[in-house]
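Atoms within each ligand, like the ligands themselves, are counted from 1 in listed order. The first residue of the sequence shown is numbered 1, and numbering continues consecutively from there.
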Amino acid sequence: MKILKTITETRAEMVRLRREGRSIGFVPTMGYLHEGHLSLVEACRAENDIVTVSLFVNPAQFGPNEDFDRYPRDYERDIRLFAGAGADVLFFPERQEIYPADYYTYVEVEKLSGHLCGKSRPGHFRGVATVVLKLFNIITPDNAYFGSKDAQQAVIIKRMARDLNLPVNVKALPIVRDPDGLALSSRNVYLSPQDREAALYMSRALINARDGVHSGKLETVGAVRQFIYNEISKSSHAEIDYIAIVFLDSLEDAPNDGIVDVHNTLIAAAIKVGRTRLIDNFILGEI
Ligand code: AMP
């Protein structure tokens with residue numbers, strides 16, 4: 001695996017690979033890898049000649065009171081795991097390489113960025129869209145892989161690619177979970193046993209709500225919302241940030257008295273356990 005730190009050498013490598021006629025796949029990450037990340041690398045390897053990955057904890061997507069400084073980092077382990085998973089090229093830039101002191105340009109995907117996590121994390125998706133567009137411009141991938149764990153992010157990146165006519169196929173892959181149902185996240189390392197217990201109420205609420213929708217027990221949007229609310233509220237330790245039932249294409253709220261649209265719905269929740277904010281979701285339809 002080639003480890004490239006500068007934009008200049010990464011561009012040169014990508015130009016060389018393209019000249020050889022190789023298809024390029026790309027998996028952007030903030031590191032502290034788990035099986036969720038590695039599932040994206042695996043899909044990327046199956047569908048492209050060259051697997052490119054990036055490791056960059058993007059300061060632009062963290063709010064002033066968020067966990068940028070204490071975001072978990074273990075670069076040596078990440079490099080080992082990326083190499084073991086078959087990555088060919090790792091783009092691993094320093095902060096100044098991506099955001100020099102006189103950096104002024106940001107990308108805003110309107111509307112979609114204002115819902116769900118965008119409400120509690122103003123500016124978050126502006127930071128995400130900006131860094132992903134920059135990475136796309138540097139790597140020039142044919143295919144890029146994102147996790148449905150961050151469903152809103154995947155929807156936003158897809159829309160950015162469409163709106164800005166980016167020559168990249170954006171793919172959203174399923175959520176990888178621990179055997180107990182908790183969605184894998186780099187932030188799970190923050191969780192005490194008590195926090196983790198509380199977090200499981202959210203995962204189970206969503207998984208059971210999905211089963212309820214599929215079996216016909218939960219028909220209306222309101223019934224699903226109430227069910228998830230009741231289940232998460234059984235934990236006295238989990239503080240609900242939002243429970244959202246939205247259309248997958250617009251991320252606008254689905255009407256409470258409407259029947260759940262099984263082809264175009266995102267059911268998502270965010271909670272705080274202790275100091276840690278966690279999200280989870282399930283998708284009815286395709287991003
Ligand atoms: P991050 O390092 O948190 O920015 O995540 C990098 C990529 O991995 C994003 O596209 C995430 O959506 C994806 N990802 C994170 N957690 C999971 C998971 N549990 N299952 C699948 N993909 C995930």
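Taking every non-hydrogen atom of F146 and a distance limit under 4.0 Å, the qualifying atoms of ligand 1 come out as 10 (O). Listed by number with element, the atoms of ligand 1 under 4.0 Å from a non-hydrogen atom of L184 are 16 (N), 17 (C), 18 (C), 19 (N). Atom numbering of ligand 1 starts at 1 in the shown order; those under 4.0 Å from a heavy atom of H34 are 15 (C), 16 (N), 17 (C). Close approach of ligand 1 to L40 (heavy-atom distance below 4.0 Å) involves ligand atoms 7 (C), 8 (O), 10 (O), 13 (C).
Ligand 1 has at least one atom lying under 4.0 Å from a heavy atom of P174. Using a 4.0 Å heavy-atom cutoff, Q153 is listed among the residues neighbouring ligand 1. Within the structure, ligand 1 lacks R177 among the residues with a heavy atom less than 4.0 angstrom away. Using a 4.0 Å cutoff on heavy atoms, P28 counts as a contact of ligand 1.
A distance-only check finds a donor-acceptor pair linking the side chain of S186 to the backbone of Y32 [under 3.5 Å].
Rounding to the nearest 0.5 angstrom, the gap separating the CG atom in L182 from the CZ atom in R196 is 5.0 Å.
Atom 3 (O) of ligand 1 has as its closest protein heavy atom Y71 OH, 3.8 Å. Protein heavy atom closest to atom 22 (N) of ligand 1, with residue, atom name and distance, is G147 CA, 3.5 Å. Here the heavy atom of the protein found nearest to atom 4 (O) of ligand 1 is M30 CG, 3.5 Å. Protein heavy atom closest to atom 20 (N) of ligand 1, with residue, atom name and distance, is V176 N, 2.8 Å.
Annotation for E66: atom CD counts as buried by contact number, over 12 foreign heavy atoms lying within 6.0 Å. Heavy-atom contacts from other residues, nucleotides or ligands closer than 6.0 Å to NZ of K272 number 12 or fewer.
On a distance-only criterion, H37 and ligand 1 share at least one N/O pair closer than 3.5 Å. Below 3.5 Å of separation, one finds an N or O of D150 facing an N or O of ligand 1. Where the criterion is an N or O separation shorter than 3.5 Å, residue side chain and backbone included, I175 fails it with respect to ligand 1.
Pairs engaging residues 98-119 under the side-chain hydrogen bond (donor to acceptor under 3.5 Å, both in side chains) rule: N58-Y99 [sequence neighbours left out].
Every side chain to side chain donor-acceptor pair (under 3.5 Å) that T6 has, sequence neighbours left out, goes to E9.
Under a hydrophobic-cluster definition in which Ile, Leu, Val, Met, Phe, Trp and Tyr are linked whenever side-chain heavy atoms come within less than 4.5 Å, directly or via other members, V107 and L135 are assigned to the same cluster.
R70 places a side-chain heavy atom less than 4.5 Å from the side chain of R275. Contact annotation: the side chain of E231 never approaches that of Y201 to less than 4.5 Å [non-hydrogen atoms, C-beta and beyond].
With a 4.0 Å cut-off on non-hydrogen atoms, K149 touches ligand 1 through its side chain and not its backbone.
Note that R73 lies in the cation-pi zone of F68, set by a 6.0 Å cut-off to the ring centre and a 45° limit from the axis.
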